[in-house]
Structures are given as structure tokens and as C-alpha cells.
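Residue numbers start from 1 in every chain, and the chains themselves are labelled A, B, ... in the order their sequence lines are given, proteins ahead of strands. Small disclaimer: the values here were computed from a predicted structure and weren't measured.
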Protein chains: 2
Amino acid sequence: MPSAPARSKTQPSTWEKELHRFIEASGNTTHAFGLGRLIGRMYALLYLHPGPLSLERIATDLEISKASASLTIRQLEQWHAVRHVPVSGDRRHFYEAETAFRVIVRDGLLPGIRKKLSSAGDQIGRTLHAGTPSASDDRRASTPDVQLIRKRLKAAASLHRKLDAVLSSRLLENLL
Amino acid sequence: MPSAPARSKTQPSTWEKELHRFIEASGNTTHAFGLGRLIGRMYALLYLHPGPLSLERIATDLEISKASASLTIRQLEQWHAVRHVPVSGDRRHFYEAETAFRVIVRDGLLPGIRKKLSSAGDQIGRTLHAGTPSASDDRRASTPDVQLIRKRLKAAASLHRKLDAVLSSRLLENLL
DNA sequence: GGCATCGTTTAGTAAAAACTGAACGATGAT
DNA sequence: ATCATCGTTCAGTTTTTACTAAACGATGCC
């Protein structure tokens with residue numbers, strides 16, 4: 001019998017293996033939504049863990065480097081998906097998952113989406129503006145094509161406004 | 001003066017340059033949402049173009065290969081964002097943008113999101129099931145840790161159900 | 001002060017995704 | 001039937017993204 005290392009590394013039980021599987025699946029989900037695989041894995045790890053975890057512990061558990069852990073944990077913080085928990089007498093950083101999805105959606109997800117949409121909205125406005133007939137032009141001066149395009153741009157602008165209204169209303173968060 | 005090519009390639013006007021800029025920005029937007037840059041550029045091109053465009057025309061306008069154009073156009077078709085328009089007496093494939101965003105959201109976007117979410121929901125169920133105390137166990141047999149994790153998993157399952165309900169209701173599409 | 005430990009930054013590497021060119025099969029024209 | 005043209009497939013390449021190792025700065029400890 002080989003001498004066991006100090007760090008307990010017993011065979012994982014079925015339950016623990018299932019938790020690991022859950023973590024991997026979470027990574028796949030976030031990845032499917034274009035958010036990278038690590039962010040989902042890390043959040044799941046913290047979400048499934050009662051009590052805070054140190055940064056290094058997170059890194060070893062997920063089998064990633066400290067650098068990646070540091071980078072990803074800050075993304076999660078930006079999204080309000082994770083909280084930094086100071087532990088007195090310990091210089092290390094501990095983190096725990098925000099379990100109130102409502103908060104994550106309200107303070108993290110929706111603002112992020114709105115920001116991305118706003119630049120799109122700006123562009124719609126710019127293009128629409130570039131197509132407005134100048135004062136010197138007679139009405140009906142622009143070609144039918146340009147008129148059609150402007151109509152479509154207006155429809156896009158309208159969609160953008162409605163979307164933004166839904167996202168900034170508390171409608172969505174109240175449903176969850 | 002070099003002899004001009006047959007294909008008219010006059011200097012683009014300010015308006016045309018702005019349209020081009022719009023197309024690029026659309027690509028950035030879709031890319032920001034994890035959908036690839038081409039899909040946004042291509043949809044924008046078609047959206048801004050009155051009347052259908054041939055596949056090759058799309059490729060040359062976007063300065064991409066026919067292969068990419070073919071692949072991307074099919075993605076757009078899957079999302080109901082683009083329609084194939086047969087032109088009698090022409091073997092080429094012509095496409096036009098679906099301008100009713102409502103249709104794209106209902107038939108393309110939401111089903112896609114729901115599909116991705118469902119696999120996540122399955123995994124939650126599996127993990128939860130793996131943690132249910134077996135009948136032989138006394139009640140209170142599982143450790144407090146396991147109980148807490150199960151509680152969280154149930155919360156996740158609840159969120160998933162609510163999300164799915166919102167996405168499958170016609171609430172969202174009616175708002176746009 | 002010097003030492004040890006932690007998190008971050010940076011520059012480089014590995015992995016993944018996007019894109020292309022060429023070959024192919026299909027379809028219609030002559 | 002032969003040829004030309006179009007869209008798709010597939011293997012290979014380029015570009016982008018994700019990740020790491022190592023150096024660094026900061027902070028507490030002796």
C-alpha cells in the first residue's frame with residue numbers, strides 16, 4: 001500500500017462525479033451562449049459549494065492556472081455572479097456564488113446586453129441620418145431604393161427601442 | 001487612363017459608404033452575442049438590399065468565398081432570417097431578408113435558445129436525481145452539505161422552468 | 001529590514017473557430 | 001452527350017480566442 005499524500009484524494013463517489021459532470025455541463029451551456037466555457041464551470045463550482053472558496057482552490061479544482069482563475073473570477077464579479085468574501089486573518093481571496101439569480105440578471109446580465117445593443121442602436125441612427133434628404137433636395141428627391149432602405153432602418157430602430165424598453169423595465173426580472 | 005472593367009466600380013458615395021459601415025457594425029453586433037461576424041454582415045446586406053441577391057453576389061459584396069456564403073446563408077435560413085426566392089429561368093439561388101423581426105424571433109431565435117436551455121435543464125434534473133436520498137436511508141441521512149446543494153439545484157431547476165415558460169409564451173414576441 | 005505568499009500582468013503557446021480553394025456532383029443549356 | 005455553371009463538401013490554412021508559465025508587485029510575517 002503506497003503511503004497516501006496528506007491532501008485527501010479519495011476515490012470520488014457517484015455523487016461527487018455527478019457534481020463534476022454538472023460543472024462541465026454548465027461550462028458547455030455558457031459556451032453555447034458565447035460566454036466561454038470557464039465562466040460557467042467556475043460559477044457552477046462556487047454555486048455547488050457551501051461556503052467560500054479560495055482562488056487557488058478554485059484553480060486546482062477546475063484544473064486551470066491561477067492566471068485563468070483570476071481573470072475569470074473578475075468576469076464573474078463584473079456580472080455580480082460572484083462575491084468576494086474577506087476572511088479575517090487570511091490574506092487569500094475567497095469567493096462565493098451569488099445565489100439570487102434575480103440579482104445576477106438585473107445587475108449583471110441585462111446591463112451587459114443593453115450595452116451591446118446600444119452601440120448597435122447608435123449605428124442605426126448614424127446610417128439613418130446619413131440617408132435623410134438634405135434641405136436643398138426637393139421632397140421625393142431620393143430614389144425609391146433609398147426610401148425603402150430608410151423605411152427598413154426605421155423599423156430596425158423601432159425594434160431596438162422596444163427591446164431596450166423591455167430590458168430596462170423590470171418585467172423580466174420580476175418573472176424569475 | 002487604364003481601360004475600365006466592364007463591371008461598374010464607381011467611387012462609393014457617402015451614403016454607400018455608410019451602408020457598408022452599417023453592415024460591418026451588424027457583424028460586430030452578432031459577433032458580440034457569440035453568433036459569428038458573417039451572419040450579421042450577411043443579414044444586414046440582404047436587409048438593406050431591396051430585392052433578392054444571388055449567392056455569388058452576396059459573396060463578392062461581402063468579399064468572402066462562395067463556401068462561406070453558402071454555409072452562412074443556411075444558418076440564416078435555419079433562423080428564418082432569410083428566405084430563398086426562386087427566380088424562374090435562373091438556376092442561381094436568390095435570397096431576401098425576412099423583414100418581420102417577429103418571425104425571426106418566434107421561429108428562429110427563441111427555439112434556438114430554448115433548445116440550448118433544455119440540455120442544461122436535463123443536467124440539473126440528472127444531478128438532482130443523483131442526490132436524492134435512497135429509500136433505505138433514514139430521513140436526515142444525507143449530510144447538511146448535500147442538503148444545501150440539493151436546495152440550490154432545486155432553485156436552479158425552478159429558474160429553468162420559469163425561463164422556459166417565458167420563452168415559450170408569446171409574451172416576448174408580442175412586445176416587439 | 002528580508003522572506004514567504006498571494007494575485008495580477010504580460011508575453012508566449014496551444015487550442016478552437018472561421019474561412020478558403022479546389023474538387024465534386026447536380027442541373028440545365030446547346 | 002458535352003459543356004458550362006452553380007452550390008456544396010471537405011481538407012487545409014489562417015486568424016482568433018483561450019490558456020498558461022513566469023516574472024512582478026504588493027502585503028503580511030518574522
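- Here His84(B) lies out of heavy-atom contact (under 4.0 Å) with every strand.
- With Arg37(A) as reference, Asn28(A) is the one residue of Asn28(A), Thr72(A), Thr29(A) to meet the side-chain hydrogen bond (donor to acceptor under 3.5 Å, both in side chains) rule.
- Between Leu38(B) atom CG and dT20(C) atom P there is a gap of 7 Å when expressed in whole angstrom units.
- Atom-to-atom, CG of Asp90(A) to C1' of dT27(D) comes out at 13 Å; the value is rounded to the nearest Å.
- Counting heavy atoms from C-beta on, the side chains of Arg114(B) and Ser168(B) come closer than 4.5 Å.
- Put simply, Trp15(B) and Leu128(A) are part of the same group of oily side chains (I, L, V, M, F, W, Y) that touch within less than 4.5 Å, one to the next.
- Ser26(B) contributes a side-chain N or O that, together with a main-chain N or O of Phe22(B), makes up a donor-acceptor pair within less than 3.5 Å.
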So which protein N/O to nucleotides 8-10 of chain C N/O distances come out below 3.5 Å?
{"from": "dT8(C)", "atom 1": "OP2", "to": "Ser70(A)", "atom 2": "OG", "distance (Å)": "2.3"}
{"from": "dT8(C)", "atom 1": "O5'", "to": "Ser70(A)", "atom 2": "OG", "distance (Å)": "3.3"}
{"from": "dT9(C)", "atom 1": "OP2", "to": "Arg74(A)", "atom 2": "NH1", "distance (Å)": "3.0"}
{"from": "dT9(C)", "atom 1": "OP2", "to": "Arg74(A)", "atom 2": "NH2", "distance (Å)": "2.7"}

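- Aromatic ring centres of Tyr43(B) and Tyr95(B) lie farther apart than the 6.0 Å criterion allows.
- If you take CD of Glu56(A) and P of dG7(C), they are 7 Å apart, rounded to a whole angstrom.
- One atom, CZ of Arg57(B), and another, P of dC6(D), lie 14 Å apart when rounded to the nearest Å.
- Here dC19(C) presents its P atom at 13 Å from CD of Glu63(B), a figure rounded to the nearest Å.
- Here dT5(D) presents its C1' atom at 5 Å from CZ of Arg91(B), a figure rounded to the nearest Å.
- Atoms CZ (Arg37(B)) and P (dT16(D)) sit 8 Å apart, rounded to a whole Å.
- The phosphate of dT20(C) (OP1 or OP2) has a side-chain N or O of Ser65(B) nearer than 4.0 angstrom.
- Salt bridge status for Arg57(B) with Asp61(B): present, with a side-chain N to carboxylate O gap under 4.0 Å.
- When the nearest nucleotides of DNA chain C are assigned to Arg92(A) and Ile64(B) by heavy-atom distance, the more 5′-ward of the two goes with Arg92(A).
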